Amino acid sequence: MTRVLVTGGAGYIGSHTALALLRAGHDVLSFDNYANSSPEALRRVTVLAGRSPEIVEGDIRDRAALDAVFFRFRPDAVIHFAGLKAVGESVERPLAYYRTNVTGTQEVLETMQTHDCRQIVFSSSATVYGEARYLPFDEDHPLAPTSPYGRTKLFVEDIIRDWVHARRGTSAVMLRYFNPVGADMSGQIGEDPNGIPNNLLPYLARVAAGRLERLGIFGNDYDTRDGTGERDFIHVSDLADAHLAALDFAAHQIGATAINVGTGQGATVLEMLHAFETAAGRQIAYQFLPRRPGDVARSLAAVDRAARLLNWRATRDVADMCVSTWNWQSRNPDGYGT
Ligand code: NAD
Ligand code: UD1
């Protein structure tokens with residue numbers, strides 16, 4: 001049993017990971033300011049797990065608040081999800097992204113140091129790789145993010161590497177997520193984006209539900225099987241399990257290690273659309289649009305480091321991703337707002 005402080009615990013990935021941690025018998029404290037989430041997610045996690053995480057409303061930029069929580073909860077480890085994640089918004093508001101993602105993480109690390117907490121699992125992203133020089137992306141691929149958001153992830157990875165190098169006995173796992181999708185099989189928790197979704201699966205779900213008219217597919221002239229973009233989609237429950245494995249790894253290993261989290265299998269936009277049609281039992285209207293600026297043709301993870309170091313592999317496929325997304329969407333048409 002480990003005492004785990006989860007920043008951003010009410011968020012999409014944080015809530016699924018909090019659930020997995022509680023089910024595995026760990027003690028969890030969620031520290032979240034609800035900038036992009038609802039405390040309702042944690043209420044549902046409590047029902048699903050049959051026990052409650054500790055819940056604190058607070059901001060990672062607020063050192064005094066972090067200090068009070070570390071003093072009281074005495075975490076063995078931190079899983080650090082809290083941050084801002086919209087690529088387009090990061091271009092418009094770079095300083096907000098640097099403040100929350102970079103300065104906020106420094107506050108977390110400094111508080112860990114003050115309280116002698118030595119293990120961290122950090123939410124990094126495949127976006128740190130930028131344009132592919134080769135595929136699949138392995139962890140040694142050059143790092144060249146193309147947005148302020150991506151650069152915050154790279155800077156934080158570097159800060160964590162420097163800190164772990166300087167501090168004996170510390171360990172960090174930086175998980176580079178590919179495209180997290182799907183929802184807990186209960187349909188009680190899931191991704192609840194504000195406004196019109198930017199990402200593919202939430203958009204598909206809303207078209208299937210009749211809340212949006214049709215999917216616009218950004219580009220059908222890529223060098224892929226069917227001309228549409230190809231991604232390595234990873235089920236959020238598999239991703240949650242990867243965090244448990246990373247926590248275990250960090251407890252037994254010193255040093256800072258970056259590890260991809262994906263399936264190693266790509267699906268194109270059209271393939272996802274057809275899988276979603278099957279899951280929802282209805283047709284989904286779409287039209288082809290020009291390419292979206294900043295998009296790459298293909299993104300795929302090399303997954304052998306995760307298998308070797310974490311003894312973890314994804315077990316859920318594209319059908320599971322679409323069925324669980326549809327289950328969440330149809331039970332909660334207004335997300336946590338209902
Ligand atoms: P999310 O927005 O659902 O969760 C982030 C959580 O952090 C939210 O609950 C939000 O309220 C909280 N938060 C934001 N600013 C905060 C602050 N200053 N203090 C305290 N809490 C704050 O996003 P998510 O999809 O669950 O992503 C979690 C992490 O994983 C993020 O760091 C994100 O960058 C990273 N990531 C996500 C994806 C993805 O596709 N979802 C891919 C790669 C990496
Ligand atoms: C985006 C982010 C990435 C982030 C990830 C989270 C960019 C450039 N990258 O990745 O940093 O980690 O989300 O999951 O924003 N698509 C459509 N129509 C839509 C929406 C998407 O055709 O309405 C296509 C996209 O062109 C792409 C694929 O679907 O080919 C996946 O898009 P999306 O879900 O937004 O993820 P990424 O762009 O891969």
Side-chain angles (χ1 to χ4, degrees), residues 6-17 30-39 41-42 56-62 65-66 79-91 96-97 99-101 103-105 107-108 122-130 145-147 149-150 152-153 156 174-181 190-194 196-204 206-207 212 214-220 222 224 228-234 236 239-240 243 261 266-270 272-273 286-299:
V6 179
T7 71
Y12 172 45
I13 305 169
S15 57
H16 286 81
T17 304
S30 166
F31 185 86
D32 198 309
N33 69 352
Y34 309 116
N36 193 38
S37 58
S38 160
L42 292 169
V56 174
E57 180 170 357
D59 193 306
I60 55 168
R61 295 164 296 181
D62 179 349
L66 279 174
I79 304 184
H80 181 36
F81 294 106
L84 304 177
K85 65 164 182 177
V87 174
E89 187 188 51
S90 80
V91 176
Y97 275 67
R99 168 72 65 182
T100 295
N101 293 7
T103 311
T105 302
E107 299 290 358
V108 170
F122 171 64
S123 298
S124 189
S125 167
T127 198
V128 295
Y129 296 120
T146 56
S147 70
Y149 166 71
T152 68
K153 291 295 176 189
V156 168
M174 299 166 294
L175 294 178
R176 294 180 180 155
Y177 313 155
F178 277 68
N179 284 61
V181 297
E191 186 173 13
D192 183 20
N194 290 324
I196 296 178
N198 291 312
N199 297 118
L200 179 62
L201 263 278
Y203 205 106
L204 276 173
R206 296 206 187 173
V207 178
L212 289 170
R214 66 171 69 86
L215 177 75
I217 296 183
F218 301 131
N220 62 344
Y222 285 111
T224 60
T228 64
E230 180 179 356
R231 296 292 183 274
D232 189 329
F233 296 97
I234 170 83
V236 67
L239 181 52
H243 287 81
V261 187
T268 67
V269 175
L270 272 177
M272 280 317 258
L273 181 138
Y286 66 90
Q287 64 180 338
F288 292 119
L289 296 177
R291 292 181 179 192
R292 182 171 66 178
D295 274 359
V296 298
R298 302 178 67 215
S299 171

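This one's a predicted model, so the numbers in the text were calculated from it and none came from an experiment. Remember, it's 1-based here, ligands and their atoms both numbered in the order they're listed. The analysis underlying the following values was restricted to heavy atoms, covering all of them including side chains, and did not include hydrogens, waters or symmetry mates.
Scanning the protein heavy atoms around atom 38 (O) of ligand 2, the nearest turns out to be Arg292 NH2, 2.8 Å. Closest to atom 17 (C) of ligand 2, if we only count protein heavy atoms, is Phe218 CD1, 3.4 Å. When hydrogens are left out, the protein atom nearest atom 7 (O) of ligand 1 is Ala82 CA, 3.4 Å; that is the closest non-hydrogen contact. If you check which protein heavy atom lies closest to atom 20 (C) of ligand 2, you get Asn198 O, 3.4 Å. At the shortest separation from atom 30 (O) of ligand 2 among protein heavy atoms lies Arg231 NH2, 3.5 Å. If you check which protein heavy atom lies closest to atom 25 (C) of ligand 2, you get Asp295 OD2, 3.5 Å. Nearest protein neighbour of atom 6 (C) of ligand 2, counting heavy atoms only, is Asn199 ND2, 4.0 Å. In terms of protein heavy atoms, atom 3 (C) of ligand 2 is closest to Val87 CG2, 4.1 Å. Summary of contacts: the protein heavy atom closest to atom 29 (O) of ligand 2 is Val269 CG2, 3.4 Å.
Each of Ser125, Ser123, Ser124 was evaluated against Tyr177; a single residue qualifies, Ser123, per the side chain to side chain donor-acceptor pair (under 3.5 Å) test.
When Asn101, Asp32, Asn198 are ranked by how near their heavy atoms come to atom 11 (O) of ligand 1, first place goes to Asp32. Nearest-heavy-atom check against atom 28 (C) of ligand 1 across Phe233, Phe81, Tyr177 picks out Phe81. For atom 5 (C) of ligand 1, the nearest non-hydrogen atom from the set Ser125, Gly83, Gly14, Pro193 belongs to Gly83.
Which parts of ligand 2 touch Gly216 is read off a 4.0 Å heavy-atom cut-off, strictly below it: atoms 17 (C), 18 (N), 19 (C), 22 (O), 23 (O). With ligand atoms numbered from 1 in the order given, ligand 1 contributes 19 (N), 20 (C) to contacts under 4.0 Å with heavy atoms of Gly58. Each of the following atoms of ligand 2 lies closer than 4.0 Å to a heavy atom of Ser125: 12 (O). Interface atoms of ligand 1 facing Ser123, defined by a heavy-atom separation under 4.0 Å, are 29 (C), 30 (O), 32 (O), 35 (C). Listed by number with element, the atoms of ligand 1 under 4.0 Å from a non-hydrogen atom of Asn36 are 1 (P), 2 (O), 10 (C), 11 (O). Counting atoms of ligand 2 from 1 in the listed order, those under 4.0 Å from a heavy atom of Gly229 are 30 (O). Listed by number with element, the atoms of ligand 2 under 4.0 angstrom from any heavy atom of Asn179 are 10 (O), 14 (O), 36 (O), 37 (P), 39 (O). When each atom of ligand 1 is checked for a heavy atom of Tyr34 under 4.0 Å away, the hits are 11 (O). Within the listing of ligand 1, atoms 15 (N), 18 (N) sit less than 4.0 angstrom from a heavy atom of Thr100. Using a 4.0 Å cut-off to heavy atoms of Leu215, the atoms of ligand 2 that qualify are 18 (N), 19 (C), 23 (O). Atoms of ligand 1 found under 4.0 Å from any heavy atom of Asn33 (numbered from 1 in listed order, with element): 11 (O), 13 (N), 14 (C), 15 (N), 16 (C), 17 (C), 18 (N), 19 (N), 20 (C), 21 (N), 22 (C).
Thr100 places no side-chain N or O within 3.5 Å of a backbone atom of Tyr97 that could act as its donor or acceptor partner. No donor-acceptor distance shorter than 3.5 angstrom exists from the side chain of Lys85 to the backbone of Tyr149, with no hydrogens or angles considered. Checked by atom type and distance alone, the side chain of Asn199 never pairs as donor or acceptor with a backbone atom of Leu201 at under 3.5 Å. At distances below 3.5 Å, not a single donor-acceptor pair connects side-chain atoms of Thr17 with backbone N or O atoms of Gly14.
Neither the backbone nor the side chain of Glu191 comes within contact range of ligand 1; no heavy atom lies under 4.0 Å. Contacts between Thr127 and ligand 2, counted as non-hydrogen atom pairs separated by less than 4.0 Å, involve the side chain only.
Ligand 1 lies less than 4.0 angstrom from a heavy atom belonging to Lys153. Distances from ligand 1 to the non-hydrogen atoms of Gly104 include no value under 4.0 Å. Contact between Ser124 and ligand 1 is present, with at least one heavy atom of the residue lying under 4.0 Å from the ligand. In this structure, Thr7 does not count as a contact residue of ligand 1, since none of its heavy atoms falls inside 4.0 Å of the ligand. Ligand 1 lies out of reach of Ala126, whose nearest heavy atom is not under 4.0 Å from it.
In this pair, His80 and Phe122 present their aromatic rings tilted. The plane angle is within the 30 to 60° band.
Figure legend: Arg291 and Tyr222 shown as a cation-pi pair, the cationic atom lying under 6.0 angstrom from the six-membered ring centre and within 45 degrees of its axis.
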